[in-house]
Number of protein chains: 2
Amino acid sequence: MASQTEENYLKSLFLLANSKGEINLTDLSKMLEISIPTANSMVNKLHEKGLLNYEKYKPLVLTAKGKKEAALIIRKHRLTEMYLVEIMGFGWEQVHEIAEQIEHINSNAFFDRMDELLSFPTIDPHGSPIPDKNGKISWKSYDKLSECKAGQTVKLAALTHSSSDFLKFLNSKGLSLGLKLKIHSIEAFDKSMIVSYHNHKQEQFSQMVSERLLVETTNPNL
Amino acid sequence: MASQTEENYLKSLFLLANSKGEINLTDLSKMLEISIPTANSMVNKLHEKGLLNYEKYKPLVLTAKGKKEAALIIRKHRLTEMYLVEIMGFGWEQVHEIAEQIEHINSNAFFDRMDELLSFPTIDPHGSPIPDKNGKISWKSYDKLSECKAGQTVKLAALTHSSSDFLKFLNSKGLSLGLKLKIHSIEAFDKSMIVSYHNHKQEQFSQMVSERLLVETTNPNL
DNA sequence: ATAATATGTTAGACGTTTCTAACTTTAATT
DNA sequence: AATTAAAGTTAGAAACGTCTAACATATTAT
């Protein structure tokens, strides 16, 4: 059994590996808000436990075992977020802090029941995939809205960042997953986009925003 | 903020105080399954924090502040148990271990939402009172079934012990809270009772069982 | 290629929570 | 009342997760 602390390290290592190429101690210590020596000593511990491949001064790479453990914690986190939104009625901007704690609960029955009550969801409220019980993730490849062209109509599918502030901003713009967005024009200078959707005839999204929105482009062959 | 460990000590102290007169270190260490010196050092810590009145070799008594903190943890535990049974569909014998972990979650919103979804329950699945948000408990006085007389009809209202084994036993006998029990006879020698209820025409409860069942006696003046 | 900068490691310490062993105080028994 | 037994205390140690300070290695830039 990994301690709660170890679980947080594994989770961070997993998430970092999926958003950057190579992970180093500095990244890890920043993500966990701990000092570099503390990260270093835990990295040695995870290495001894067979959860992490590690050599001095080399990048950090989870072993298959470490990846699986990490994915199962992320599974609990994302299932919890979905449960909090879908069953308990929380907003998507409220659930991270609670899920951050509940992910460490040790009870298969508890998470299995959530899964069942949610009809076995595959994504969380922010569009991130929920690993299955074996720790496998089925990655979908979305495009960043910022990389789409004027004239396209796309569906908002996921977010690259889910800070509470960003989510509140999206709420204020009436945005939610599944919405169809039509891109009217893109300003060449700052890449800002004029977009319409649902009850919003004309909204301007800065590049800061459009980079954080992941969309599905309707298959043009259909 | 009390640590998770401190919370467990407070909870045990509170529960012991409500089932025994004076609490000593030995009781506490047994309940928490820790050594006496460990209990001793935590007791000193709680005393320094103003949560416990304590003098060497004297009984352990929670301060008002300690009592309130303890009651609020018990509130979270019992709300969780009720939530797990009523909303998630767990059996009353399954919920203790999960609630034991969830009671340490730090999120008023989370427990407030549970409370709301349960329509502000006052008892948990085992009939124990749920402290209110100020840590106040409204005690109801029930009678032990073992102290009732032959011929009485009573309503099963709560349990004095909620071990998983006892709860499974009650399940096997088709017993649940709210059931009306009719006491047919009591064997003088071993105090065993012959009782009928719902689909059960004749069940024999040993004293071991009848002592653990709390009942409401219908007011004979009505 | 050397110096400057960034990154990583080691050593030593501290607070928590736990333990066992040795000792003291209080309570119970005879 | 004296002895025995039960309960409580103190001292010292260990694991965990954290820190800062000092030092070592790699990387980057001039």
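First the proteins, then the strands, lettered A, B, ... as listed; each starts at 1. Not measured: the values here are computed from a predicted model.
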(request) Send over the distance from Glu48(B) CD to dG15(C) P, rounded to a whole Å. (result) 13 Å
(request) Measure the distance from NE2 on His47(B) to P on dG8(D) and round it to the nearest whole Å. (result) 16 Å
(request) Would you mind checking if Lys45(A) and Glu6(A) are paired as a salt bridge, meaning a charged N to carboxylate O distance below 4.0 Å? (result) yes
(message) Please list, in numerical order, the residues of residues 14-34 of chain A that have a heavy atom closer than 4.0 Å to any atom of DNA chain C.
(response) Asn24(A), Leu25(A), Thr26(A)
(message) Is a donor from one side chain sitting under 3.5 angstrom from an acceptor on the other, for Asn171(B) and Trp92(B)?
(response) yes
(message) It should be established whether Thr38(A) places a side-chain nitrogen or oxygen under 4.0 Å from OP1 or OP2 of nucleotide dG17(D).
(response) no
(request) Look at Glu100(B) together with Lys11(B) and state whether they make a salt bridge at an N to O cut-off of under 4.0 Å. (result) yes
(request) Output yes when Asp115(A) and Lys133(A) qualify as a salt bridge under the 4.0 Å nitrogen-oxygen rule, no when they do not. (result) no
(message) Between the side chains of Glu103(A) and Arg78(A), is the shortest nitrogen-to-carboxylate-oxygen separation below 4.0 Å, so that they form an ion pair?
(response) no
(request) Would you please say whether a donor-acceptor pair under 3.5 Å links the side chains of Ser192(B) and Asp190(B)? (result) yes
(request) With DNA chain D as reference, determine whether Ile36(A) or Ile36(B) sits nearer its 5' end, using the nearest nucleotide of each. (result) Ile36(B)
(message) Using a 4.0 Å cut-off on heavy atoms, which residues in residues 3-12 of chain B reach DNA chain C? List them by number, or say none.
(response) Ser3(B), Thr5(B), Tyr9(B)
(request) May I have the distance from Lys49(B) (atom NZ) to dG15(C) (atom C1'), rounded to whole angstrom? (result) 12 Å
(request) Please check the phosphate of dT9(C) (OP1 and OP2 only) for any side-chain N or O of Tyr54(A) closer than 4.0 Å. (result) yes
(request) Measure the distance from OH on Tyr57(A) to P on dT5(C) and round it to the nearest whole Å. (result) 20 Å
(message) Measuring to OP1 and OP2 of dT7(C), would you say a side-chain N or O of Lys56(A) lies under 4.0 angstrom away?
(response) no
(message) With a 4.0 Å cut-off on N to O distance, would you call Arg75(B) and Asp132(B) a salt bridge?
(response) no
(request) May I have the distance from Lys45(B) (atom NZ) to dT18(C) (atom P), rounded to whole angstrom? (result) 9 Å
(request) Calculate the interatomic distance between Asn40(B) atom CG and dT17(C) atom P; express it in whole Å. (result) 15 Å
(message) Using ring-ring contact (aromatic ring centres under 6.0 Å, His included), reason through His96(A) and His77(A) one step at a time and then give a plain yes or no.
(response) CA-CA 8 Å; His96(A) 181 75; His77(A) 181 101; 4.9 Å; yes
(message) Side chain of Pro37(B) only, heavy atoms from C-beta on: which candidate in dT18(D), dT20(D), dC19(C) is closest?
(response) dC19(C)
(message) Assess, by modelled atom type and distance only, whether the side chains of Thr26(A) and Ser29(A) contain a donor and an acceptor separated by less than 3.5 Å.
(response) no
(request) Could you check how far CE of Met42(A) sits from C1' of dT9(C), rounded to whole Å? (result) 17 Å
